[in-house]
Each structure stands twice: as structure tokens, then as C-alpha cells.
Amino acid sequence: MTTRVYLPRDTTSLALGADSIAAALVIQAQERGMRLELVRNGSRGLFWLEPLLEVEHGGERIAFGPVALADVPQLCDALAADPAGHPLFLGPVEEIPYLKSQQRLTFARAGQGDPLCLDTYRALAGFSGLERALSMDCQEIVNAVTESGLRGRGGAAFPAGIKWQTVLDAPAAQKYIVCNADEGDSGTFADRLLMEADPYQLLEGMIIAGLAVGASQGYIYLRSEYPRAREILAAAIARAREQQYLGDNIRGSGRAFELELRIGAGAYICGEETSLLDSLEGKRGMVRVRPPLPAIEGLFGRPTVVNNVLTLAAVTTVLERGAQFYRDFGVGRSRGTLAVQLAGNVRRGGLVELAYGAILRELVQDYGGGTFSGRPLRAIQVGGPLGAYLPESQWDTPLDYEAFAGINAMLGHGGVVVFDDSVDMAQQARFAMEFCAVESCGKCTPCRIGSVRGVELIDRIIARDAPAGNIDLLRELCDTMEAGSLCAMGGMTPHPVRSALAYFAEDFSPDNAGPRPSAR
Amino acid sequence: MDDRVAEALAASIPRYRDLPGGLLPLLHALQAKLGCVPPEAVPAIASALQLSRAEVHGVISFYHDFRSEPAGAHVLQICRAEACQAMGSRALEAHAKTRLGIDFGETTADGRVTLEPVYCLGNCACSPSVRLDEEIHARVDAARLDALLAGLGEVVGG
Ligand SMILES: Cc1cc2nc3c(=O)[nH]c(=O)nc-3n(C[C@H](O)[C@H](O)[C@H](O)COP(=O)(O)O)c2cc1C
Ligand code: SF4
Ligand code: FES
């Protein structure tokens, strides 16, 4: 009898040694005369348990993790005799509370099988959204997206249906669908996980978008920091083309859609959609002045839908299960599910997909299990490098766009970075300015020069050089950057800085007795 | 012009010349072949894509990835972004600099390792993260970094 086992091959599992574990499994099984079929799946996003080995056993998939290379011989022994007796035994994978309690729509398939296997994708309801879309006209598809309440997942939370309607209504012989896979925010990995675990879902979403607005060409703009996602997407595109999901006659429908993968070159600002378009055109990634909107004059001057990976992926759920089904998740104007990414100093880091409205503290404590170091939690940065640092008094905020805006913070792409009490918030504020200086596209003076000034001011404050006066100057500088920047890079860098000043003032205070205990 | 550069240009330019927005893919292809985009290649790129030399140079210098000189035999990138900071990447960064005796953007005297900053590798749930050539490593502390560097062996070729 052959036993089928699964071991992920996504970036994080590989970074934790999954390839050498896979090789050892094969050798150890051979030595024992066991017949193993090893499937390299995507990750389920329970990164704290990676490398997570799943074994088909008694009609279920049972899990072991986190597996180290040294565990492999014993694990093979246990598989042959008494799996449940092994110390790394976690029970049936789908019963792990961290996974079971989630509301997985977009990430329902992640980790179930070989990400590149089209049969697996279809067996798990893949392409049923596309099939529905092929039987609808453009306006019906756009209506479904509008009615679903879907908002962009890249950060700005703009209603996807309105954007699509604008592109549909713009008359042009050539229109484009551009997928923003630049995922530059620290603490975020949901796009990567989706592309590595379920790439066809992104392709399906892009094809649907093309059908909806009348665009026959799509581009995925992927950051160069994601070599594994690049490999998987390139292979997925080739296989989808072979089976006529791409090309001039999608599944015999007579409709055309082509897709090309483009790789960024290390520039955070190219995640901003107009800078991304310039980069796709082969130029420096400079932010464009709006209007015109990309929906009217986008890539190569043509009407263009630019959407985040998760926005496009969510469209497949909307089409497959209906707008009303999707709308029924969430709170207020934040409909559907949010892919929260627990990162940084957290015991159980990973992806948690839940309807909007969950409470930040519960996520970090119940799912995250508190800090990795075991020290007290001190600050949580939500929404990437332009997001605010939240003190404990704000951890009861529900995860919805409006609630976060109400406390001068933002949900952004859903990254949640946890810090313990060894964090020095003056250093964090300094980094926010430094990052802005490194990554500014250079178009606006308050962003380009202001950020450099910001670093200098914070250095003086840290050195206790006229701190009170320099803190006032820093606040004024934040106001200038916010008012005089064309995009959120310069315009929102003040968020982490101001929140650090407001809620962690002791780290900037002259009375503060010396440096804090350093982090490891 | 160096033969290798001429060959790389001859192989890549026809592939990307007519591709809409083909400059970035062309630069990536050249850098993959040559380890950098040599300044002597700029005039040929500019004329093939009907751009000015200044435009091509502007693009090369805008993006962190493109280099005008080859890196060392290996490139070590240390993530400097927030999730890694929360797990001690500042100390890791300092350790790497001391251990290699170089700063970010520099290459060791023996040409073995170029050290670079990177801002997030998408591995933020198991930080600190580093990238050594094409491989990403998770939960890297000073000892693990030393072991990775020790595993690099001698420089081969040039
Ligand atoms: C500095 C900056 C960086 C951004 N980075 C990203 C990114 O990495 N990924 C992304 O999807 N959106 C990013 N955005 C948001 C995009 O500009 C844009 O809103 C988004 O791609 C639209 O797609 P959506 O409506 O599906 O979110 C960024 C915006 C700014 C100002
Ligand atoms: S705010 Fe900064 S990044 Fe944005 S357009 Fe201005 S200079 Fe460029
Ligand atoms: S912040 Fe370092 S990998 Fe994301």
C-alpha cells in the first residue's frame, strides 16, 4: 500500500528546510520498505507549524509539525506503527483550531494539493466562477462585483465594482488588467501565499476581470523578492495556456485573454498603482498625478484595471457563490473576509482569514498566542510601514476600514506586526522616516527631503539634543509631509511617527533612563 | 566592447526590442547573464529601444536591483523591515557587518560576499529572514548566519 504524504514547498517552508526534510523522508521510507507518494503542496498558512507534514491515514489527513530534519527517522517509524503516539502529532489537519475556526473563502484551497495541478484545482471548485462568468455579459459580471461590496485589498479599499464599471464604460480598442503583486508592506505575505499555494485562483480572477471590462491582455507585476512565487506563476500561466484557459479562445468560448508575468526590480514605490504602471511601461517608477485615473488612462494610456492579488482572487468567490453570499460576511462597509497576517514577535505567526470585524487583541492573543519571546506585548503595527503603531488602549478596535480610520490608523493589506517590550519606539519612528527616504520616488520635496530631515531630527531627539524643540519640529515636519505629498508614501509616513510620539512618548523623553533592554 | 557583453546584447535585444515596456525585462535578462548591466551596454540598449542614454541610465539607477558592476560570488540580503526588526534583525545586521567586515552595499575583499539590505521577503511570520542568492532562510540568528556563510565554500571562477 502506498501512503500519500504532503509537505509544502512554499517560501516559508523552504526557508525552514522543507527540501532537505523531503529528501530525508524519501530515503528513510525506502530503507523501511515503505511506499510513499510525496506531494509538495502549498502552505495552509499555519507558518508556526511549518514544515507541516500531512499524511493520509484512515480517510483523513493527519498532521505533524513543526518537523525538523532530525525528526524524520522517528516519524517514519511512527507512521508505520502508531502515528498518534508521535510527539509532533497534531491530529487531523482540518481540526487544528487555528485553521478550523477561520472563515476561509480565498484561502480555502491553500495547502490542499499540488498548486500547479489543474485537476486538483478543478476538483476543488476551481474555474466555476469563470464558467459562470462565461455565461454572463460584461455588465452582469460588473454588477455582481459591485453588489458583493468587494473593496480593494491592496490598501486603499476602493470599491472594485466602481473601478471595473469605469473601465467597462471607457471606450477603447485595447484595455488592460494589471495585477498588483508587489506586496511590499512589511508583515504581509498573503499575496505570496495565494500565488504559491493556489495560483490558478489569481489567473481565474484576472480572466474574469478581462471578460467583465473587455480587456484581452493582462499583466502580473510581481516583486523580485519573491523568486518562488515567480517560478510557480510562470508554470501556472504555461499550463493554463496549454489547456486553453488563456489564449484567443478561452475554453472554446471565442473570448480572448492573454497574460504575462513581469518582474519588478526592488522598489517599494512600484506598489503604488501609477508608479507600477510606469514601471510596466519600462520607465522609472514615478507616481503619476491624478487625474487621469488609471481606469481611464492607465497602462500605455489605455483604460486599465489595477487590482491587488487578493481582490482579483476574491472575485472568483463572488462569481462562484454569488454577490449576496460574499456580502453576508463582514461589518459596515467592509464586506467579505480579511486575510490577517500575524507577523513579527508572535508565537503563532501565520495567515488568519476571517470576516471583517474581528477584534485585533483577540487575533493577536487567541490566534497569535502572544509574543514569541514570551515578554509582554507592547506595540502592534497594522497596515505595513505606513501604518500606525497601536498601543494597548487601541487593541480592542475591530478590523474594519472605517474603525481603523477612526483612530488615525489603517488596515492596509492586513499585516499585523507584533512587538514585545524590548522595542524602542524612537528607533521605530526613525526607521519609518529612513524607509521613506530610501524608497521615495523623489517627485515631491516634502517626501524626498522631509524624510531625510526626519531621520536627522529623530537622531537628535535620541541623542537628547534639545529634545523638546526637536519633537515640535518633528511634528511640524509630519504635517508638512502629509499636506505636501502626492501619494501615501510621503503622506502617510507620518502615521507611524506620530503614533510613536503620541502613545510611546516615554521612548522620546529626556527623563528616560538609558536604552531599553535590547531585543535578543 | 567586451565579447561577453556584445554576445549578451545580441542574444537579448531581439527578444525584448518589440515587447511593450520591454526595458525592465531586458535589463533583468542582461543582469542574469552578466551579473550586472555594464555601462558600456547602455548605448546599445538605448538605440535598440529608441530611448536616450540618459533615460536608460535613469531606469538602471532608479531600481535597487540593477547594478553597474558585478556583485561578489554570493549576495547576502538581510531583511531590515519591521517584522524582522521585532525579532532581532538589527542585531543580526550588526553581526553580519562585523563578521564580513563590510557595510551594506559592499563586497568582501576576497570577492566572496556582497551584503545588501532588503525590505521584506514575505517570510514575516518566521523572521528574521535573509536571502542568500536564490534561497530564503527563516528564523536566522547570528549562529545560523555564520553557518550559512561557512557553507559557501571557496570562490570559484571570477
Ligand atoms: C506607497 C504605496 C505602496 C503600495 N503598495 C502596494 C502593494 O504592494 N500592493 C498592492 O496591491 N497595492 C499597493 N498600493 C496600493 C495601490 O496604489 C492601489 O491602490 C492598488 O493596487 C489597487 O488595487 P485594489 O483596489 O485591488 O487594492 C500601494 C500604495 C502606495 C501609496
Ligand atoms: S509622496 Fe514620495 S513617493 Fe509619493 S509621489 Fe511624492 S515623492 Fe513620490
Ligand atoms: S519583514 Fe522581514 S521578511 Fe517580511
Side-chain angles (χ1 to χ4, degrees), chain A residues 11-12 14-16 47-48 50 183-189 191-193 224-229 262-268 279-285 299-300 341-346 349-351 372-373 381 384-385 415 417-420 423 427-428 431 435 438-439 441 518-520, chain B residues 16 19-29 31 49 51 55-67 77 79-92 94 116-131 133-142:
Chain A
T11 295
T12 292
L14 291 175
L16 290 163
F47 290 126
W48 53 290
E50 294 292 359
E183 197 165 57
D185 288 0
S186 162
T188 66
F189 43 75
D191 295 351
R192 173 185 72 69
L193 180 63
S224 62
E225 291 85 347
Y226 284 0
R228 177 74 188 133
R262 290 284 176 96
I263 308 300
Y268 176 76
S279 183
L280 265 180
E281 291 180 5
K283 304 173 189 157
R284 300 156 65 196
L299 186 62
F300 305 117
Q341 298 132 84
L342 293 177
N345 199 327
V346 65
L351 182 119
F372 186 86
S373 61
Q381 187 181 31
V417 179
V418 178
F419 293 81
D420 73 10
V423 66
Q427 286 297 338
Q428 296 311 119
F431 178 78
F435 184 69
V438 173
E439 298 296 339
C441 85
S518 79
R520 272 160 309 281
Chain B
Y16 298 107
L19 190 70
L23 180 56
L24 259 73
L26 172 60
L27 295 175
H28 274 306
Q31 183 153 304
L49 271 65
L51 299 167
E55 281 170 306
V56 175
H57 177 75
V59 168
I60 295 171
S61 57
F62 181 85
Y63 295 96
H64 299 307
D65 282 3
F66 297 128
R67 37 176 122 250
Q77 294 185 324
C79 177
R80 291 195 70 214
E82 290 89 341
C84 287
Q85 292 166 9
M87 288 295 284
S89 67
R90 285 199 174 88
L92 185 68
E116 290 181 343
V118 69
Y119 297 93
C120 195
L121 292 162
N123 183 52
C124 334
C126 299
S127 42
S129 314
V130 309
R131 178 173 175 177
D133 301 322
E134 289 301 286
E135 302 292 322
I136 291 164
H137 301 270
R139 299 207 198 286
V140 181
D141 57 12

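Just so it is clear: chains get the letters A, B, ... in the order the sequence lines come, proteins before strands, and each one is counted from 1.
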Please classify the contact of [X] with chain B as side chain, backbone, both or neither, using a heavy-atom distance under 4.5 Å.
| X | value |
| --- | --- |
| A/Thr188 | backbone |
| A/Phe300 | side chain |
| A/Gln381 | side chain |
| A/Gln341 | neither |
| A/Ile263 | both |
| A/Val438 | both |
| A/Asp185 | backbone |

Can you tell me which of [options] forms the most heavy-atom pairs within a distance under 4.5 Å of chain A?
| options | result |
| --- | --- |
| B/His137, B/Gln77, B/Arg80 | B/Arg80 |
| B/Glu55, B/His64, B/Gln31 | B/His64 |
| B/Leu23, B/Leu121, B/Val130 | B/Leu121 |

[X] [atom1] to [Y] [atom2] distance, which is reported to the nearest 0.5 Å:
| X | Y | atom1 | atom2 | value |
| --- | --- | --- | --- | --- |
| A/Arg192 | B/Cys124 | CZ | SG | 8.0 Å |
| B/Arg139 | A/Phe372 | CZ | CZ | 4.5 Å |
| B/Asn123 | A/Leu16 | CG | CG | 6.5 Å |

**OP:** Please test B/Gln85 against A/Gln427 for side chain to side chain contact (heavy atoms under 4.5 Å, CB included), starting from the C-alpha separation and ending with a verdict.
**Re:** CA-CA 10 Å; B/Gln85 292 166 9; A/Gln427 286 297 338; over 6 Å; no
Part of [X] within contact of chain A (heavy atom distance under 4.5 Å):
| X | result |
| --- | --- |
| B/Cys126 | side chain |
| B/Pro25 | side chain |
| B/Val59 | both |
| B/Glu82 | both |

Among [options], which residue forms the greatest number of heavy-atom pairs with chain B at distances under 4.5 Å?
| options | value |
| --- | --- |
| A/Ser224, A/Gly285, A/Gly349 | A/Gly285 |
| A/Ala265, A/Gly344, A/Gly187 | A/Ala265 |
| A/Gly266, A/Ala267, A/Gly384, A/Gly350 | A/Gly266 |
| A/Ser279, A/Gly184, A/Ala229 | A/Ser279 |
| A/Glu50, A/Arg228, A/Glu439 | A/Glu439 |

With a 3.5 Å distance limit and no angle check, can you tell me whether [X] reaches the backbone of [Y] through a side-chain donor-acceptor pair?
| X | Y | result |
| --- | --- | --- |
| A/Arg262 | B/Leu24 | no |
| A/Ser186 | B/Ala83 | yes |
| A/Arg284 | B/Phe62 | no |

**OP:** Test A/Phe435 against B/Tyr119 for ring pair (Phe, Tyr, Trp, His ring centres under 6.0 Å), laying out the working first.
**Re:** CA-CA 9 Å; A/Phe435 184 69; B/Tyr119 297 93; 5.3 Å; yes
